[in-house]
Amino acid sequence: LAVPIAWNRIVDDPLCGELYEGQMIELLTRVFINKPELREKEKYLSFEKKMEKVYKQYEWENEYEKEEYRKILRAFRCLFE
């Protein structure tokens, strides 16, 4: 039940997270490593489309924050390649 809700959250807001930008993506990455059958390529493609736009438009606090988010995205992307 939690995974479909998490997918919807990151598709709606690719930066979502309670403590930091990308936290939800990081949590999903951990789940998908352990349960690859829960990965959904179509939902990932929807997420990726929106994420690219949001990433470019977002006003990052600093370069470190931006780079940390980029690392989270790379780990997530690797699961769908």
Notebook entry, point to check: Are Tyr58 and Leu19 grouped together when hydrophobic residues (ILVMFWY) are joined by side-chain heavy atoms under 4.5 angstrom apart?
Noted result: yes
Next item on the list: Measure across Gly22 and Ile72 and return the closest heavy-atom pair with its distance rounded to 0.1 Å.
Entry: O-CG2, 3.7 Å
Margin query: Surrounding CZ of Arg9 (heavy atoms of other residues, nucleotides or ligands, distance under 6.0 Å), is the total greater than 12?
Written below: no
Check: Rounded to the nearest 0.5 Å, how far apart are CZ of Phe76 and CE of Met51?
Finding: 9.5 Å
Check: Going only through I, L, V, M, F, W and Y residues with side-chain contacts under 4.5 Å, is there a path from Leu27 to Trp7?
Finding: no
Next item on the list: Would you please test Asn62 and Glu65 for side-chain contact (heavy atoms from CB on, under 4.5 Å) and show each step?
Entry: CA-CA 6 Å; Asn62 53 55; Glu65 186 180 83; 3.4 Å; yes
Margin query: To the closest 0.5 Å, what do you measure between NZ (Lys50) and CD1 (Ile10)?
Written below: 11.5 Å
Checklist line | Ring geometry between Tyr69 and Trp60 (parallel below 30°, tilted from 30 to 60°, perpendicular above 60°) | finding: tilted
Margin query: More than 12 heavy atoms of other residues, nucleotides or ligands under 6.0 Å from NZ of Lys41: yes or no?
Written below: yes
Check: Heavy atoms, side chains only, cut-off 4.5 Å: are Arg30 and Glu26 in contact?
Finding: yes
Check: What are the two closest non-hydrogen atoms of Ile33 and Arg39, and how far apart are they?
Finding: CA-NH2, 4.1 Å
Checklist line | Asn8 CG to Phe47 CZ distance, which is reported to the nearest 0.5 Å | finding: 13.0 Å
Check: What is the minimum heavy-atom distance between Pro14 and Ile25, and which atoms define it?
Finding: O-CD1, 3.1 Å
Note to self: Can you confirm whether more than 12 heavy atoms, excluding those of Glu59, are under 6.0 Å from its CD atom?
What the structure shows: no
Note to self: Can you classify the ring geometry of Phe80 versus Tyr44 as parallel (below 30°), tilted (30 to 60°) or perpendicular (above 60°)?
What the structure shows: parallel
Next item on the list: Apply the test side-chain contact (heavy atoms from CB on, under 4.5 Å) to residues Lys35 and Glu37: give CA-CA distance (whole Å), side-chain angles for both, the deciding distance (0.1 Å), then the verdict.
Entry: CA-CA 5 Å; Lys35 296 194 176 265; Glu37 69 276 7; 3.7 Å; yes
Next item on the list: Work out which heavy atom in Leu38 is nearest to a heavy atom in Phe32; give both atom names and the distance.
Entry: O-CE2, 3.6 Å
Check: Does any donor atom in the side chain of Tyr20 or Glu68 lie under 3.5 Å from an acceptor atom in the other side chain?
Finding: no
Note to self: Check Glu67 with Arg74, please: is the shortest side-chain N to carboxylate O separation under 4.0 Å?
What the structure shows: yes
